[in-house]
Amino acid sequence: MVRAKVEERSAGAVLFYNDGGIRKYLLLKHRRGHWDLPKGNIEAGEEPEYTAKRELIEETGISNFRFYDGFREEIEYYYKRRGGILVHKKVIFYLAEALSNDVRISREHVAYKWVDFEAALKLASFNNTRKLIRLAEEFLSQFK
Ligand code: ATP
C-alpha cells in the first residue's frame with residue numbers, strides 16, 4: 001500500500017462554451033507543461049463548489065458561468081513534491097457553462113485553448129482529465 005506523507009484537496013470545473021452550436025472545453029497549460037482543467041486548493045472551511053467558482057474566476061477571468069446541479073466527480077492521484085515528499089491528492093470537479101469565452105489566464109498558466117470534445121481528449125495530459133471530459137459530454141447529452 002502506498003503511504004502518502006501529505007494529503008491535498010482541490011476543486012475545479014470542466015468548463016465549456018457553446019461556440020455557435022459546437023461545445024468547446026477549456027484547457028489550461030500549466031507552467032510545468034501539462035494541459036489540465038481549472039482547479040485549485042480548497043481553503044480551510046471552504047465548500048468545494050465555492051472553491052471551484054473562486055478558482056474559475058482566478059484562473060480564467062470569467063465570472064459569467066452557470067454550474068450544473070447533478071455533476072460532481074472526484075478524481076485522485078499521487079505525485080512527488082520537490083524533495084521527494086509523496087502527496088495524495090483528491091480533486092472534486094463540477095461542470096459549468098461559460099457565457100463568455102474571453103479568457104484571462106493567471107500566472108500559474110502559460111496558455112489556454114477552447115477545444116471541441118475530440119481535440120480536448122487529445123490535448124489533455126492526464127487520463128483522469130480525459131475521463132472527466134467524457135463524463136461531462138455524456139452528462140450534457142441528456143439536454144439535447
Ligand atoms: P492546484 O491547481 O490544485 O492548486 P498545483 O498546480 O499545485 O495544484 P497539480 O496540478 O496537482 O498542482 O500538479 C502537481 C503534480 O501532479 C504535477 O507534477 C502534475 O504533473 C501532477 N498532476 C496534475 N494533475 C494531475 C492529474 N489529473 N493526474 C495525475 N497527475 C497530475
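Everything quoted here is computed from the prediction, not taken from an experiment.
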Student check: side-chain heavy atoms of Phe16 and Leu140 closer than 4.5 Å
yes
Arg130 side, atom CZ; Ser125 side, atom OG - distance, nearest 0.5 Å:
7.5 Å
Scan for salt bridge (Lys or Arg N to Asp or Glu O under 4.0 Å) pairs involving residues 100-127, sequence neighbours excluded, and state none if there are none.
Asp102-Arg104
Side chains of Leu56 and Leu15, heavy atoms from C-beta outward: is any pair under 4.5 Å?
yes
Around Gln142, counting heavy atoms of other residues, nucleotides and ligands shown, do more than 12 lie under 6.0 Å from its CD?
yes
Would one find more than 12 heavy atoms of other residues, nucleotides or ligands at under 6.0 Å from atom OH of Tyr77?
yes
Give a yes-or-no answer on whether the side chains of Tyr112 and Glu59 include a donor-acceptor pair shorter than 3.5 Å.
no
Can a cation-pi geometry be assigned to Arg66 and Tyr68, taking NZ or CZ under 6.0 Å from the six-membered ring centre and within 45° of the ring axis?
yes
In this structure, would Tyr25 and Val91 fall into the same cluster of hydrophobic residues linked by side-chain contacts under 4.5 Å?
yes
Looking only at heavy atoms, the pair that brings Ala13 and Phe67 closest together is CB-CZ, 4.3 Å
Give a yes or no on whether Ile22 and Val115 share a hydrophobic cluster (residues Ile, Leu, Val, Met, Phe, Trp, Tyr; joining criterion: side-chain heavy atoms under 4.5 Å apart).
no
Leu37 and Phe93, any side-chain heavy atoms less than 4.5 Å apart:
yes
Return the CG to CG distance between Leu95 and Leu132, rounded to the nearest 0.5 Å.
10.0 Å
Would you call Arg54-Glu46 a salt bridge at under 4.0 Å N-O?
yes
Check whether Phe65 forms a cation-pi arrangement with Lys53 (NZ or CZ under 6.0 Å from the six-membered ring centre, at most 45° off the ring normal).
no
What's the spacing between Lys89 NZ and Tyr78 OH if we round to 0.5 Å?
14.0 Å
How many angstroms lie between atom CG of Asn64 and atom CD1 of Ile57, to the nearest 0.5 angstrom?
10.0 Å
What one should report as the nearest heavy-atom pair of Phe139 and Asp69 is CZ-O, 3.5 Å
Donor + acceptor pair across side chains of Glu76, His88 (<3.5 Å):
yes
Using 0.5 Å steps for rounding, measure from the NE2 atom of His34 to the OG1 atom of Thr129.
8.5 Å
Tell me the closest heavy-atom pair linking Leu27 and Ala120, and the distance in Å.
CD1-O, 3.8 Å
Cluster check Tyr17, Leu123: I/L/V/M/F/W/Y, side chain < 4.5 angstrom:
no
Taking the side chain as every heavy atom from C-beta outward, state whether Val103 and Trp114 have any atom pair closer than 4.5 Å.
yes
Using atom types as modelled and distance alone, determine if a side-chain donor or acceptor of Glu55 lies under 3.5 Å from a backbone N or O of Ala52.
no
Check for a donor-acceptor pair, side chain of Thr51 on one end and backbone N or O of Ile42 on the other, with a separation under 3.5 Å.
no
Test side chain to side chain contact (heavy atoms under 4.5 Å, CB included), reference Glu73, set Asn128, Leu135, Ile92, output is Leu135
Closest non-hydrogen atoms of Gly84 and Lys80, given as atom of the first, atom of the second and distance, are O-CD, 3.8 Å
In Å, rounded to the nearest 0.5 Å, how long is the span from CD1 of Ile105 to OG1 of Thr60?
10.5 Å
Can you find a heavy atom in the side chain of Tyr94 that is under 4.5 Å from one in the side chain of Glu49?
yes
Report yes if the side chains of Ile75 and Lys90 come closer than 4.5 Å at any heavy-atom pair, otherwise no.
no
Walk me through whether Leu28 and Trp35 qualify under side chain to side chain contact (heavy atoms under 4.5 Å, CB included).
CA-CA 5 Å; Leu28 301 174; Trp35 285 90; 5.7 Å; no
Quick one, Val87 and Lys5 - any side-chain contact, counting heavy atoms below 4.5 Å?
no
Distance-only, no hydrogens or angles: does the His109 side chain make a donor-acceptor pair with backbone N or O of Ala111 under 3.5 Å?
no
Write out all pairs satisfying salt bridge (Lys or Arg N to Asp or Glu O under 4.0 Å) with one or both partners inside residues 13-24, taking only residues at least two apart or from two chains.
Asp19-Lys24, Arg23-Glu137
How far apart are the closest heavy atoms of Pro48 and Ala11, and which atoms are they?
O-CB, 3.4 Å
